[in-house]
Number of protein chains: 2
Amino acid sequence: MSNISQEDYLTAIYRNLDEAGEIKPNILASKLDISNAAVTDMLRKLSRDGFVDYQKYKSVRLTNEGELYAKNMLRRHRLWEVFLNQTLGMPWDKIHDEAEKLEHSSSDELINRLEKFLKYPSIDPHGYPIPDKNGKIKKTKSVKAITEFNINDHLIVIRVNDDVKNLISYITKIGITLGKKILIKDKLEYDSSIILMIGNKEINISYKIASNIFAEKIKR
Amino acid sequence: MSNISQEDYLTAIYRNLDEAGEIKPNILASKLDISNAAVTDMLRKLSRDGFVDYQKYKSVRLTNEGELYAKNMLRRHRLWEVFLNQTLGMPWDKIHDEAEKLEHSSSDELINRLEKFLKYPSIDPHGYPIPDKNGKIKKTKSVKAITEFNINDHLIVIRVNDDVKNLISYITKIGITLGKKILIKDKLEYDSSIILMIGNKEINISYKIASNIFAEKIKR
DNA sequence: TTTAATTTTTAAGCGTGCTTAAATCTATGG
DNA sequence: CCATAGATTTAAGCACGCTTAAAAATTAAA
Ligand SMILES: [Mn+2]
Ligand SMILES: [Mn+2]
Ligand SMILES: [Mn+2]
Ligand SMILES: [Mn+2]
């Protein structure tokens, strides 16, 4: 394919499929931050090229080929993130944007060599699993957004959505990283925000932010 | 700038300036393998953006800004080549095409970190010098194309042009690498080709190829 | 079920980077 | 110095990926 935009569309589609494995052009447009009209346009091209199943006014699904392509893009993206963070020491809130470009500029051979050099990591620096060269993704711990836990639950942060502008910079500032232990102190009714104990600090985060931080319950 | 084509134009211009520091649109078109018309078009844009000095029907020169930009692109390109070859073990005849893409997808910060990781290499795997972050290029040994030496000269290969399609694959096949010692056995009049001793083999290479292999004379 | 709101598509337009064909300029050599 | 070959530019056109505005289809609400 060799096309930056198309590749980003496929990844965005894959990452935002609903429970039925579909996505509305609508959603896609807002995730990609472009107009609905542009999405319609591109969907016709992606359909023509066999990457999506698409009919006017209907939701979109990926074909097998489209899904494989999307997973390969995630593989490239996440391996680059590991490299940038682990090998080059670039901070975890800067690597996503960088990988967003590199993912389109690397052959499979390069990626396979990179994977070997990195010793076959299974997750990226934000906690997302890295597909293998056949598109297979290791089963991961079942995590839930921290909005779904209860008051007084002790949690350990397992994953953070890397796809939301400035989110990672923000949560870094309030002291959250992967593996951090936090406590749900309170859940406010009127705006659905959540009060967390992080270290010895109480911090109020919005529902929106909380829904992009994924964790696991721990004993204490 | 953030533009693949424009970046490749600047690099191509820089690499092919004549003794007067200029280049004809003509030459540029053939180096980039596109039409003269396309070059005219782009020169207007590069001029508008302050990267080249250009007037209709005249040769082109780089502005200071254009030259700096071009050298930064070479820096990116060559550091990636070192990484690909040295760190990932990718063969030296495959790294150029790969770097040709990566060079457009990496921030200065990434490149600076990469340079540090690679321990500040001074030449790339084809023998070209790597500009530092200020665009400064270390003086290199004065090399000449092997067409310029004489019969019975013993040479050591210092640099190979990485910009000629398939050249490196070819010379690899006949046993030439950086540091290889070769002997000029004969120079044929009628087609200007050159007969080399490489190891214990006699090999005839065309003038065209010979003019892209650079070497230094050695005692024996 | 009829209307209103929302989503989606169509239409027209724009910048980029390329093409080929035609026009025009420049350099050269007789 | 003038004809002509070669280099360069102009013109028209195309695919891409986006935009805004308008039209059409779908969905939700009353
Ligand atoms: Mn990411
Ligand atoms: Mn991307
Ligand atoms: Mn190269
Ligand atoms: Mn390039």
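Below, read A as the first sequence line, B as the second, and so on, with proteins coming before strands; counting in each chain starts at 1.
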Separation of [X] atom [atom1] from [N] atom [atom2], in whole Å?
{"X": "B/Met42", "N": "C/dT16", "atom1": "CE", "atom2": "P", "result": "9 Å"}
{"X": "B/Asn26", "N": "C/dC25", "atom1": "CG", "atom2": "P", "result": "19 Å"}
{"X": "A/Asp33", "N": "D/dC18", "atom1": "CG", "atom2": "P", "result": "11 Å"}
{"X": "B/Leu28", "N": "D/dT9", "atom1": "CG", "atom2": "C1'", "result": "15 Å"}
{"X": "B/Leu46", "N": "C/dC18", "atom1": "CG", "atom2": "P", "result": "11 Å"}
{"X": "B/Glu7", "N": "C/dT16", "atom1": "CD", "atom2": "P", "result": "15 Å"}
{"X": "B/Leu32", "N": "C/dG17", "atom1": "CG", "atom2": "P", "result": "12 Å"}
{"X": "A/Asn36", "N": "C/dA5", "atom1": "CG", "atom2": "P", "result": "19 Å"}

Quick one: do the [X] and [Y] side chains pair a donor with an acceptor below 3.5 Å?
{"X": "A/His96", "Y": "A/His77", "answer": "yes"}
{"X": "A/Asn212", "Y": "A/Arg159", "answer": "no"}
{"X": "A/Thr177", "Y": "A/Trp92", "answer": "no"}
{"X": "A/Ser193", "Y": "A/Asp191", "answer": "yes"}

Look at [X] and [N] and indicate whether a side-chain polar atom (N or O) is within less than 4.0 Å of OP1 or OP2.
{"X": "B/Gln6", "N": "C/dG17", "answer": "yes"}
{"X": "A/Ser35", "N": "D/dC18", "answer": "no"}
{"X": "B/Arg44", "N": "D/dT9", "answer": "no"}
{"X": "B/Thr40", "N": "D/dT8", "answer": "no"}
{"X": "B/Asn3", "N": "C/dG15", "answer": "no"}
{"X": "B/Tyr9", "N": "C/dC18", "answer": "yes"}
{"X": "B/Ser5", "N": "C/dT16", "answer": "no"}

- prompt: Between A/Phe83 and B/Phe83, does the ring centroid distance fall short of 6.0 Å?
  reply: yes
message: Using heavy-atom distances to pick each residue's nearest nucleotide on DNA chain D, tell me which of A/Ile34 and A/Lys56 is more 5'.
response: A/Ile34
statement: Walking DNA chain D from its 5' end, the first of A/Lys45 and A/Tyr57 to be reached, judged by nearest nucleotide, is A/Lys45
field: Comparing B/Val39 and B/Arg48 on DNA chain C - which has the more 5′ nearest nucleotide
entry: B/Arg48
A/Ala37, nearest nucleotide to its side chain (from D/dT9, D/dG17, C/dT10): C/dT10
